[in-house]
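Just so you know, these numbers come straight off a predicted model, no measurement behind them.
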Amino acid sequence: MSGSRRRLVYEGKAKILYEGPEPGTLIQYFKDDTTAFDATKKATLEGKGVLNNRISEYIMTQLNVIGVPTHFIKRLNMREQLIREVEIIPLEVVVRNVMAGSLAKRFGREEGEQLPRSIVEFYYKDDKLHDPMVSEEHILAFNWATPQDIDDVMSLAIRINDFLTGLFLGAGIRLVDFKIEFGRLWEGDMARIVLADEISPDSCRLWDIETGEKMDKDRFRRDLGNVTEAYQEVARRLGILPEAGNNERKGPVLVQT
Ligand code: TMP
Ligand code: ASP
């Protein structure tokens with residue numbers, strides 16, 4: 001495994017962080033491991049890490065282009081990317097467009113209803129506590145973030161949602177909901193809030209626009225099978241995966257008449 005000689009900084013369930021080549025940088029390694037329900041359900045999905053590395057690279061690059069600051073610097077190889085070291089805000093920020101998952105469960109609703117407006121929720125990142133949902137009151141009282149941080153996180157989350165909704169729609173995919181994390185990037189004594197972690201089918205709900213077929217980690221959570229194949233289809237539709245002999249690239253084609 002590449003990276004074995006580097007200093008390990010942090011090992012999570014699906015990723016490992018190693019010390020980067022320069023101060024203030026880290027290497028983010030994408031594992032094939034996947035877990036659900038606070039890691040009570042586990043599996044290794046061959047090739048999943050490679051796909052998530054590519055998909056997250058693509059999305060973070062596009063977000064950088066529209067001026068959303070992220071921790072992403074560049075992809076290094078099949079499983080690794082160079083990122084900026086940030087101070088992670090201990091919140092999972094969930095943005096929802098369609099009724100699904102824990103929201104449907106909490107309110108006894110059917111999955112699939114378009115929400116009247118996008119909903120942003122915060123969860124406190126702590127597996128032992130099962131990532132409890134929290135409000136701004138808790139975030140401020142326990143000093144997990146400042147009022148300015150929360151404002152920045154909210155406006156970035158909404159911009160990311162608008163952008164991703166359009167990006168996936170162009171690939172025939174409905175962006176149901178997703179989870180993102182943010183970090184503080186220190187520049188002197190000024191901190192800037194940037195998007196961190198990853199955006200991939202592990203952290204989104206993605207449904208085929210025509211058939212409603214699930215193309216995300218719910219295939220693993222709900223034992224639907226063909227998990228990696230679904231992630232691969234997401235990558236193919238986004239027009240990435242050129243090494244897979246992708247000669248049916250989606251995207252604009254110049255038609256000469
Ligand atoms: P939920 O409906 O289970 O609360 O999930 C909302 C979104 O957040 C969904 O796209 C899956 C994602 N998610 C994670 O990325 N990690 C998690 O630990 C959980 C519970 C959800
Ligand atoms: N990744 C989380 C866990 O391992 C949960 C999930 O995404 O469903 O528990």
Side-chain angles (χ1 to χ4, degrees), residues 10-15 17 28 34-41 56 59-60 63 68-71 83-109 111 113-165 175-186 190-206 216-218 220-222:
Y10 176 82
E11 176 152 11
K13 288 172 287 187
K15 296 186 294 295
L17 296 176
Q28 180 165 254
T34 193
T35 68
F37 314 121
D38 300 323
T40 51
K41 177 172 175 147
S56 198
I59 291 175
M60 295 262 179
L63 286 170
V68 170
T70 79
H71 72 162
I83 60 171
R84 276 181 222 294
E85 183 169 26
V86 299
E87 187 184 293
I88 289 286
I89 296 174
L91 298 173
E92 301 203 339
V93 180
V94 170
V95 185
R96 302 179 184 273
N97 301 305
V98 178
M99 183 63 72
S102 69
L103 184 70
K105 209 167 183 181
R106 198 176 319 128
F107 296 109
R109 301 282 200 114
E111 291 193 310
E113 169 200 345
Q114 190 75 31
L115 297 170
R117 45 166 280 178
S118 302
I119 297 175
V120 181
E121 298 170 341
F122 300 109
Y123 295 84
Y124 179 57
K125 249 172 90 74
D126 189 328
D127 272 355
K128 290 190 297 301
L129 303 175
H130 314 294
D131 298 344
M133 186 154 94
V134 295
S135 73
E136 289 192 28
E137 290 287 298
H138 303 106
I139 298 171
L140 295 173
F142 298 123
N143 219 9
W144 296 322
T146 65
Q148 182 64 55
D149 290 341
I150 298 177
D151 278 1
D152 291 352
V153 161
M154 276 296 242
S155 61
L156 286 170
I158 287 163
R159 286 183 67 199
I160 293 166
N161 183 47
D162 288 345
F163 181 75
L164 290 187
T165 297
L175 178 62
V176 171
D177 55 34
F178 60 95
K179 184 269 297 182
I180 42 183
E181 296 181 25
F182 293 91
R184 292 187 193 90
L185 189 59
W186 286 95
M190 281 279 292
R192 206 152 55 99
I193 301 291
V194 305
L195 178 66
D197 193 49
E198 71 180 298
I199 299 184
S200 75
D202 268 4
S203 56
C204 301
R205 283 198 175 92
L206 305 169
D216 57 66
K217 191 172 162 183
D218 271 349
F220 170 70
R221 295 190 191 96
R222 303 180 188 190

I139 vs I150, side chain to side chain contact (heavy atoms under 4.5 Å, CB included): CA-CA, chis, key distance, verdict: CA-CA 9 Å; I139 298 171; I150 298 177; 3.7 Å; yes
Stepwise side chain to side chain contact (heavy atoms under 4.5 Å, CB included) check, N97 with Q114: CA-CA 6 Å; N97 301 305; Q114 190 75 31; 4.2 Å; yes
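- Between K179 and E181 a salt bridge is recorded (basic side-chain N to carboxylate O distance below 4.0 Å).
- Shown here for I199 and S203, the closest heavy-atom pair between the two residues is CA-OG, 3.7 Å.
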Test side chain to side chain contact (heavy atoms under 4.5 Å, CB included) applied to L140 and T146, step by step: CA-CA 6 Å; L140 295 173; T146 65; 5.6 Å; no
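- Summarising the geometry of A145 relative to I89, their closest heavy-atom pair is CB-CG2, 4.4 Å, with the distance given to 0.1 Å.
- Tested against I180, the residues V93, L91, V94 include a single side-chain contact (heavy atoms from CB on, under 4.5 Å) partner, V93.
- In the displayed structure, R221 atom CZ is contacted under 6.0 Å by more than 12 heavy atoms of other residues, nucleotides or ligands.
- In this structure, Y123 and S102 approach most closely via the heavy-atom pair OH-OG, 3.7 Å.
- Within a 6.0 Å radius of CD in E137, no more than 12 heavy atoms belonging to other residues, nucleotides or ligands are found.
- M60 places a side-chain heavy atom less than 4.5 Å from the side chain of L195.
- Using a 4.5 Å heavy-atom cutoff, the side chains of D218 and R205 are in contact.
- For the pair D197 and I88, the minimum side-chain heavy-atom distance is 4.5 Å or more.
- Using a 4.5 Å cut-off on side-chain heavy atoms (C-beta onward), D149 and I193 make contact.
- Contact annotation: the side chain of E121 never approaches that of E92 to less than 4.5 Å [non-hydrogen atoms, C-beta and beyond].
- Looking at V134 and F142, their side chains never come closer than 4.5 Å, going by heavy atoms from C-beta outward.
- In this structure, E87 and L185 have side chains that are not in contact, with every pair of non-hydrogen atoms separated by 4.5 Å or more.
- Residues A157 and F182 share a closest heavy-atom pair of N-CZ, 4.3 Å.
- Using a 4.0 Å cut-off between a side-chain N of Lys or Arg and a carboxylate O of Asp or Glu, R96 and E111 do not qualify as a salt bridge.
- Between the side chains of S200 and E198, at least one donor N or O sits under 3.5 Å from an acceptor N or O.
- Using a 4.0 Å cut-off between charged nitrogen and carboxylate oxygen, R184 and E85 do not count as a salt-bridge pair.
- When the side chain to side chain contact (heavy atoms under 4.5 Å, CB included) test is applied to D38, the partners found at least two apart in sequence or on another chain are D127, H130.
- Inter-residue side-chain proximity for T34 and K217 is flagged as met; some heavy-atom pair is nearer than 4.5 Å.
- Within 6.0 Å of atom CZ in R117, 12 or fewer heavy atoms from other residues, nucleotides or ligands are found, so the atom counts as exposed in its surroundings.
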